[in-house]
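Notes follow the structure.
Quick note on labels: first sequence line is chain A, next is B, and so on, each numbered from 1. Fair warning: this is a prediction, and the values are worked out from it, not measured in the lab.
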Amino acid sequence: MAQTLTQKILSRASGQASAAPGEIITCQVDLCLLLDSGGPRRIWPRLKELGAGVWDPDKVVLVTDHFTPAVDAQSAEILRLTRDFAREFGIQRFFDMQGIGHVLLAEQGLLEPGMFAVGGDSHSSMGGAFGCLMMGFGAIEMTGVAVTGEIWIQVPQTVRIDWSGEFGAGTSAKDIMLKLCREVGTDNAGRVMEFGGDSIARMSMAERGVLCNMAAELGAETGVVPADEQTLVALRVAGQQPAADALEWCSDADADYAAVHQFEAADLEPQVAAPHSPANSGPVSTHAGTVINQAYIGACVGAKLEDLQMVAQVLRGRRVAADTRLLVAPASQRAYREAAADGTLEIISAAGAYLLPTGCGACAALGAGILAENEVCISSTNRNFQGRMGANSAEVYLGSPYTVAASAVAGRITDPREMLT
Amino acid sequence: MSLVISGRAWVFGDNVNTDAMAPGLYFKSSMDEMARHCLETLDPAFAGSVQAGDVVVGGLNFGMGSAREQAAMALQHLGVGAVLARSFGRIFYRNALNFGIPALLLPADMEIQAGDRLRIDAATGEISNQSRGDDAQVASLPPHLLRLVAAGGLMPYLKNRLAEEAGHGK
Ligand code: SF4
């Protein structure tokens, strides 16, 4: 029977010959990502209550990112507890203040094609860039995984999203996803989004990560880009040796998709999502001219090295507008170092941007850069729900790193193509 | 744990997200404090007036967004007996059941207004709107989820499972 990549991975993880959409199965977890937010501080008390330990510490990756660096007594406590947990349970793959978990998995090459991985955070879907199936869950459910190493899944349908042709200047994966939030909607539970087509084949691993990351905004079970040569190169660069059968993890040619969507890359314009939903999106021209107080480059989705390079491309030889602040929080320490080494950070700071520490920061109103009442912000993050970045009356627009940078220069929402010629 | 819930309806629209149920600004606060702000951007009266056993009724995609379990925990803390919606955000749906809150899919043609008296049997999928004399039969939970909710959520369920495994000399 022909199967999609999703079905194949779930069949393997559940020890079955096949997995039909709708079927409820129990899967063994290959990798479990715990973050300081929904990780030890919520799981440890429950393990104590159950008198249980961690089923396999070598399958756990633990990261501090939401509360780094500590900004008050509570966040300091949460970080200390997270470090104690790593020691107590002998978790070797513990990344403390190295960057945002979803980005670290990619940097370290910890995901492999065909893997079934879970994370205690909705954007765990980002792992799908490596041709694996990675899904996000709540901390209560991650407690179950920590104890048993397994989780129940209702086999999802697969929706195929193909892009063909060349993208125009000033557009990126972020624009794809903001457009899809509008056109495919945000109510896609029970579906996995599989991305393909020649445009995606040429897309960098970092940009593929953006597609899968924001599958969470589509409400999908997760997103996945089937592995190709580029995936294997990325793994080797990260110091890992991909398995010999890595490229065999793909959908059968005659697999049954619930839907197939086809898009032309050349038609894509820079997109902006207006408050308070990523689905509230449209071409940047719809909101051009809206005056902003803050521009924010941050988050797993929008502050990787490539995102910072997009920002620098716009900012080179320009300055952030007076009365506007541009805050930049690199997604990982490595992105920080590499952006320092290649001159990207110099351009960004020369333009008058304010550099913030690595971590989730203002994305979820946990760290530096949150918004006051009635302030307007354009952000490279993935969600603009009411109150998410601070005050309930604050208004957050979402855009690509190009669009956020161009808007910071103009002091109002601006089409980045004006500054990229 | 009883799978029959009776209470008043609190009605919300489409695409209610989990940030609205558990705002990030209160992440470091107690659950008491967090629950006081539950859904305040949509209905400032909700957290202060909701009674034990009351039912939260959403439209499409109820609980979209963040994986934060505090969204379901805040509803549990406030005593919400069940959640009905036309469709659910995937993680919220699982979280609600994992905290022992039945979550059932509501048919598009069933009318429920704020304050209506509802009786729900999560085991059979019977929903009656006693204020309107309207009954509906919806899909009950699949057996593995019914067991989970009947046990009171994932923690009691895991306790039973670990005790059983110990009993089998594992
Ligand atoms: S950066 Fe934002 S979206 Fe990404 S993991 Fe952190 S809080 Fe979540």
Side-chain angles (χ1 to χ4, degrees), chain A residues 24 26 37-38 42 46 49-52 66-67 72-75 77-78 119-124 135-144 147-148 151-152 154 156 185-191 216-217 219-222 276-277 279 363-366 370 383 385-392, chain B residues 14-20 22-30 37 40-42 44 59-73 76 85-100 142-145 148 153-159 161-163 165-166:
Chain A
I24 290 163
T26 300
S37 51
R42 311 205 68 84
R46 292 177 178 143
E49 195 183 327
L50 293 167
H66 283 64
F67 295 103
D72 52 23
Q74 292 102 313
S75 45
E77 249 341 289
I78 292 168
D121 187 276
S122 61
H123 291 103
S124 302
M135 297 181 177
F137 297 95
I140 177 74
E141 199 133 30
M142 296 306 287
T143 309
V147 175
T148 65
I151 192 162
W152 69 268
Q154 182 163 29
T186 56
D187 189 9
N188 286 293
R191 302 183 190 121
E217 275 48 66
E221 298 297 316
T222 188
H276 296 287
S277 164
C363 173
L366 298 174
I370 65 178
R383 292 194 170 131
F385 299 150
Q386 190 173 10
R388 178 162 172 100
M389 288 183 73
N392 282 335
Chain B
D14 293 341
N15 299 314
V16 173
N17 65 67
T18 53
D19 280 59
L25 278 180
Y26 307 101
F27 256 31
K28 293 175 244 171
S29 319
S30 66
H37 297 279
E40 69 180 358
T41 49
L42 302 171
L60 292 169
N61 205 12
F62 187 83
M64 71 188 287
S66 163
R68 57 190 67 184
E69 61 177 4
Q70 292 94 324
M73 290 174 84
Q76 185 194 42
R86 301 262 310 280
S87 63
F88 287 99
R90 55 175 289 274
I91 305 179
F92 173 79
Y93 175 75
R94 296 179 68 118
N95 281 345
L97 299 169
N98 282 323
F99 285 105
H144 76 296
L145 294 180
L148 188 70
L154 186 61
M155 282 297 286
Y157 180 83
L158 281 172
K159 271 184 205 161
R161 178 174 157 166
L162 291 173
E165 284 178 4

(request) Please tell me if the side chains of A/I151 and B/R94 come closer than 4.5 Å, counting only heavy atoms from C-beta onward. (result) yes
(message) Under a 4.5 Å cutoff for heavy-atom pairs, which residue among A/L366, A/T186, A/V147, A/T143 has the most contacts with chain B?
(response) A/T186
(message) To the closest 0.5 Å, what do you measure between CZ (B/F27) and NE2 (A/H66)?
(response) 7.0 Å
(message) Report which part of A/S124 has an atom under 4.5 Å of a heavy atom belonging to chain B: side chain, backbone, both, or neither.
(response) neither
(message) Need one label for B/L145: side chain, backbone, both or neither, based on atoms under 4.5 Å from any heavy atom in chain A.
(response) side chain
(request) Check A/A189 against B/R90 and note the closest heavy-atom contact, atom names and distance. (result) CB-CB, 4.0 Å
(request) Answer yes if the side chains of A/S277 and B/N15 hold a donor-acceptor pair under 3.5 Å, and no otherwise. (result) no
(message) Quick check for you: to the nearest 0.5 Å, what is the distance between B/S66 atom OG and A/R383 atom CZ?
(response) 5.5 Å
(request) Identify whether the distance between the nearest side-chain nitrogen and carboxylate oxygen of A/R46 and B/E69 falls below 4.0 Å. (result) yes
(request) Look at A/N188, A/I78, A/T148 and state which one has the largest set of heavy-atom pairs under 4.5 Å with chain B. (result) A/T148
(request) Can you tell which part of B/F88 gets under 4.5 Å to a heavy atom of chain A, answering side chain, backbone, both or neither? (result) backbone
(message) Is the shortest side-chain heavy-atom distance between A/S122 and B/R68 below 4.5 Å?
(response) no
(message) For a quick check under 3.5 Å, do B/S87 and A/D187 share a side-chain donor-acceptor pair by atom type?
(response) yes
(request) Using a cut-off of under 4.5 Å on heavy-atom pairs, state which of B/G65, B/G89, B/P142 scores highest against chain A. (result) B/G65
(request) Count the heavy-atom pairs under 4.5 Å between each of B/R161, B/Q70, B/H144 and chain A, then report the option with the highest count. (result) B/H144
(request) Report yes if the side chains of A/F385 and B/M64 come closer than 4.5 Å at any heavy-atom pair, otherwise no. (result) yes
(request) Please flag which part of A/N392 lies under 4.5 Å from any non-hydrogen atom of chain B: side chain, backbone, both or neither. (result) side chain
(request) Could you tell me whether A/D72 and B/K28 have a side-chain N and a carboxylate O separated by less than 4.0 Å? (result) yes
(request) Measure A/A52 against the heavy atoms of chain B and call it side chain, backbone, both or neither at under 4.5 Å. (result) side chain
(message) Heavy-atom cut-off 4.5 Å, strictly under: side chain, backbone, both or neither for B/L154 against chain A?
(response) side chain
(request) Between chain B and each of A/M389, A/E221, A/Q386, count heavy-atom pairs under 4.5 Å; write down the option with the most. (result) A/E221
(message) Heavy-atom cut-off 4.5 Å, strictly under: side chain, backbone, both or neither for A/A139 against chain B?
(response) both
(request) Pick whichever of A/E141, A/E217, A/Q154 has the most heavy-atom pairs under 4.5 Å with chain B. (result) A/E141
(message) For the OH atom on B/Y157, are there more than 12 heavy atoms of other groups (residues, nucleotides or ligands in this structure) within a distance under 6.0 Å?
(response) no
(message) Heavy-atom pairs under 4.5 Å with chain A - which of B/N17, B/T41, B/T18 has more of them than the others?
(response) B/N17
(request) Measure the spacing between CD of A/E49 and CG of B/L158 and express it to the nearest 0.5 Å. (result) 10.0 Å
(request) Mark yes or no for whether A/R388, through its side chain, and B/P23, through its backbone, hold a donor-acceptor pair below 3.5 Å. (result) no
(request) Could you tell me which portion of A/E77 (side chain, backbone, both or neither) has an atom closer than 4.5 angstrom to a non-hydrogen atom of chain B? (result) neither
(message) Give me the atom names and distance for the closest heavy-atom approach of B/L25 to A/A365.
(response) CD2-CB, 4.1 Å
(message) Test your reading of the model: is there a side-chain donor-acceptor pair from A/D121 to the backbone of B/A67, 3.5 Å cut-off?
(response) no
